[in-house]
Amino acid sequence: MNRRNLFGAAMALLAAIGLAGCKEETPAAGQGATAAKAETFHWKMVTSWPKNYPGLGTAAERLADRINAMSAGRLTVKVYAAGELVPALEVFDAVSRGTAEMGHGTPYYWKGKVPAAQFFSSVPFGLSTLEMNAWLSKGGGQALWDETYAPFGVKPLSAGNTTMQMGGWYNKEINSLDDIKGLKIRMPGLGGEVWTKLGAITVNLPGGEIFTALQTHVIDATDWVSPYNDLAFGLHKAAKYYYFPGWQEPQAVVESMVNQKAFDSLPADLQAIVVEAARAATLDMMDDYVFHNAKSLAQLKEQGVTIKRFPDEVLAAMKRESQTVLEDLASQNDLNGRIWKSMKTFQDEATPMGEVTEKELYNWR
């Protein structure tokens, strides 16, 4: 072979080696084929809370971070606080329309559109935090919740719980039922309906408007959450009396709503991540509130807040009217009736256990 032919052969060999080195290898079956084609999803989450608001706003952020981390970036969620993309009380509509793939709020905010949603937020004199979680996950509550939201194309998930709340902030003492008549109070959900029956004037305001309304006497009283959140809003600077117990919200579910079409578009593993991230968020928020409420209540006491218990006469009337309100809601249609029957049956079953466990613990320790 002459020099010219030898050189040509060598160049051809080098070219072949180079092409072989650049060629993308086909993954073996079950070893990277899915990862090579993995699709990424970018979602928006709208919330009912002020940005980074302790406990509620931060819970939405942590839920998004958890989904991002668990999916290794295949599903990213960007959080929008109340008013950044939609108003606080329009989150459900935004998720239903597909304006955002996810929402973060509490079910009783949507009672004007979905009256039965109130059952899945909080029921006066109803289930405790642990009982509510058990009813949703084991007692058929989640299936009923799914059925309630299905006509709106929304998948509901529990993504937090504020645990038992306080009775609220008042600029005058509540010593009898007469003190309730004409009282202007911010209280959403079923608790607000009970107050209305007792003669109060109730309004529903998003969290960001409460302090100003109370300070300027647009309202005389308000519930919000509990010491952790109430201290953060400075409500002790706008009202003198802090009442307990939180009869209207013995627990309060915070939900993550997902647009059903968006959820169905995810592969099975990402669907599981969304569901399990929400479940983890529920436990995380419960821990958050138990820990911070203890510290915040002590701070409120140090600042001279007057903490008072509702009189027995008032509590008895609230309980009586609560049963009327709940029965009225249950009678509206078959679904409402089935939800209330399921919840009430489980409450009756769970109460004897609570009587000999948590109740005795708190009485004696």
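Keep in mind the model is a prediction, meaning the values are calculated, not measured.
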When every non-hydrogen atom of A221 is compared with those of L183, the smallest separation belongs to CB-CD2, 4.2 Å
A side-chain contact here means heavy atoms from C-beta on lying under 4.5 Å apart; do V218 and K184 qualify? no
Partners passing ring pair (Phe, Tyr, Trp, His ring centres under 6.0 Å) against Y228 (at least two apart in sequence or in another chain): Y289, H292
Is there a side chain to side chain contact (heavy atoms under 4.5 Å, CB included) between I185 and Y170 once you walk through the steps? CA-CA 9 Å; I185 182 170; Y170 297 76; 3.7 Å; yes
Are more than 12 heavy atoms from other residues, nucleotides or ligands located less than 6.0 Å from atom NZ of K172? yes
Sub-4.5 Å side-chain heavy-atom contact between P206 and P87: no
Any side chain to side chain donor-acceptor pair (under 3.5 Å) involving residues 294-307? Give me the pairs, sequence neighbours left out, ordered by first then second residue. H236-Q303
Are side-chain heavy atoms of L63 and M45 found at a separation under 4.5 Å? yes
Centroid-to-centroid, Y149 to F120, below 6.0 Å? no
For F211 together with F233, are the ring centres under 6.0 Å from each other? no
To the closest 0.5 Å, what do you measure between NZ (K359) and CG (L361)? 13.0 Å
Taking all non-hydrogen atoms of both residues into account, name the closest pair between A117 and P107 and its distance. O-CB, 3.1 Å
Extract all donor-acceptor atom pairs below 3.5 Å that involve side chains of residues 95-103 and protein atoms in other chains or at least two apart in sequence.
unit_1 : atom_1 : unit_2 : atom_2 : d
S96    : OG     : F152   : O      : 2.7
E101   : OE1    : K44    : N      : 2.8

Using salt bridge (charged side-chain N to carboxylate O under 4.0 Å, His left out) as the criterion, list what pairs up with E61, not counting sequence neighbours. K51
Are the side chains of W364 and E360 in touch, meaning some heavy atoms are under 4.5 Å apart? yes
Derivation and outcome, side chain to side chain contact (heavy atoms under 4.5 Å, CB included), residues S71 and F41: CA-CA 10 Å; S71 69; F41 300 83; over 6 Å; no
What about V275 and M285, same hydrophobic cluster or not, with Ile/Leu/Val/Met/Phe/Trp/Tyr joined at side-chain heavy-atom distances under 4.5 Å? no
Test your reading of the model: is there a side-chain donor-acceptor pair from N336 to the backbone of Q332, 3.5 Å cut-off? no
Separation between CD1 (I219) and OG1 (T222), nearest 0.5 Å, reads 4.5 Å
State, yes or no, whether a side-chain contact exists between L315 and P245 at a heavy-atom distance under 4.5 Å. yes
Measuring only between side-chain heavy atoms, which start at C-beta, is L190 closer than 4.5 Å to Y108? no
Ring pair (Phe, Tyr, Trp, His ring centres under 6.0 Å) filter on F119, not counting sequence neighbours, yields none
Determine yes or no for a side-chain-to-main-chain donor-acceptor pair under 3.5 angstrom, with E249 supplying the side chain and M166 the backbone. no
Please list all pairs meeting salt bridge (charged side-chain N to carboxylate O under 4.0 Å, His left out) that have one or both residues in residues 260-269, counting only residues at least two apart or in different chains. R74-D269
Between Q142 and S137, does the side chain to side chain contact (heavy atoms under 4.5 Å, CB included) criterion hold? Intermediate values first, please. CA-CA 6 Å; Q142 184 64 52; S137 65; over 6 Å; no
If I compare all heavy atoms of S226 with all of N293, which pair ends up nearest, and what's the gap? OG-OD1, 3.0 Å
CA sep, side-chain torsions, deciding dist, call: T76, H42, side chain to side chain donor-acceptor pair (under 3.5 Å): CA-CA 5 Å; T76 61; H42 304 283; 2.7 Å; yes
Once you round to the nearest 0.5 Å, how far does OH of Y109 lie from CD of E90? 14.0 Å
Linking I/L/V/M/F/W/Y whenever their side-chain heavy atoms sit closer than 4.5 Å, directly or via other members, would M257 and I67 fall into one cluster? no
Report the residue from L300, L231, L235 that forms a side chain to side chain contact (heavy atoms under 4.5 Å, CB included) with V305. L300
Side chains of I210 and R186 in contact at under 4.5 Å (non-hydrogen atoms): yes
Has Q323 got a side-chain atom pairing as donor or acceptor with R320's backbone, closer than 3.5 angstrom? no
Residue pairs fulfilling salt bridge (charged side-chain N to carboxylate O under 4.0 Å, His left out) with at least one residue in residues 142-161, sequence neighbours excluded: E147-R338
Parallel, tilted or perpendicular: which one describes the rings of Y242 and W169, with boundaries at 30° and 60°? parallel
At their closest point, which heavy atom of A64 faces which heavy atom of V79, and how far apart are they? CB-CG2, 3.6 Å
Going through the checks in order, is the side chain to side chain donor-acceptor pair (under 3.5 Å) test met by W110 and Q118? CA-CA 8 Å; W110 336 124; Q118 297 173 95; over 6 Å; no
Which pairs would a plain distance check flag for residues 193-204, meaning a side-chain donor or acceptor within less than 3.5 Å of a matching protein atom at least two apart in sequence or in another chain?
unit_1 : atom_1 : unit_2 : atom_2 : d
T196   : OG1    : G192   : O      : 3.0
T196   : OG1    : T202   : OG1    : 3.0

Rounded distance [0.5 Å steps], OG1 in T47 versus CG in L56: 9.0 Å
The criterion is salt bridge (charged side-chain N to carboxylate O under 4.0 Å, His left out); which residues satisfy it with K344, sequence neighbours excluded? D348
Minimum heavy-atom separation for I273 and M70, please, with both atom names. CD1-O, 3.4 Å
So CE of M164 and OG1 of T162: to nearest 0.5 Å the spacing works out to 10.5 Å
Salt bridge (charged side-chain N to carboxylate O under 4.0 Å, His left out) filter on D93, not counting sequence neighbours, yields K113
Just how far is it from atom CG of N133 to atom CD of Q251, taken to the nearest 0.5 Å? 7.5 Å
Is any side-chain heavy atom of F263 closer than 4.5 Å to a side-chain heavy atom of L270? no
Check step by step if side chain to side chain contact (heavy atoms under 4.5 Å, CB included) holds for V225 and D230. CA-CA 6 Å; V225 187; D230 296 0; 4.2 Å; yes
Looking at every heavy atom in both W135 and S342, which two are closest together, and how far apart are they? NE1-OG, 2.9 Å
Assess the residue pair T129 and T163 against the criterion (side chain to side chain donor-acceptor pair (under 3.5 Å)); give the C-alpha distance rounded to whole Å, side-chain angles, the decisive distance to 0.1 Å, and a yes or no. CA-CA 6 Å; T129 304; T163 68; 5.1 Å; no
T58: what forms a side-chain contact (heavy atoms from CB on, under 4.5 Å) with it, not counting sequence neighbours? R62
For M286, what are the other residues in its hydrophobic cluster, where any two members join if their side-chain heavy atoms are less than 4.5 angstrom apart? L130
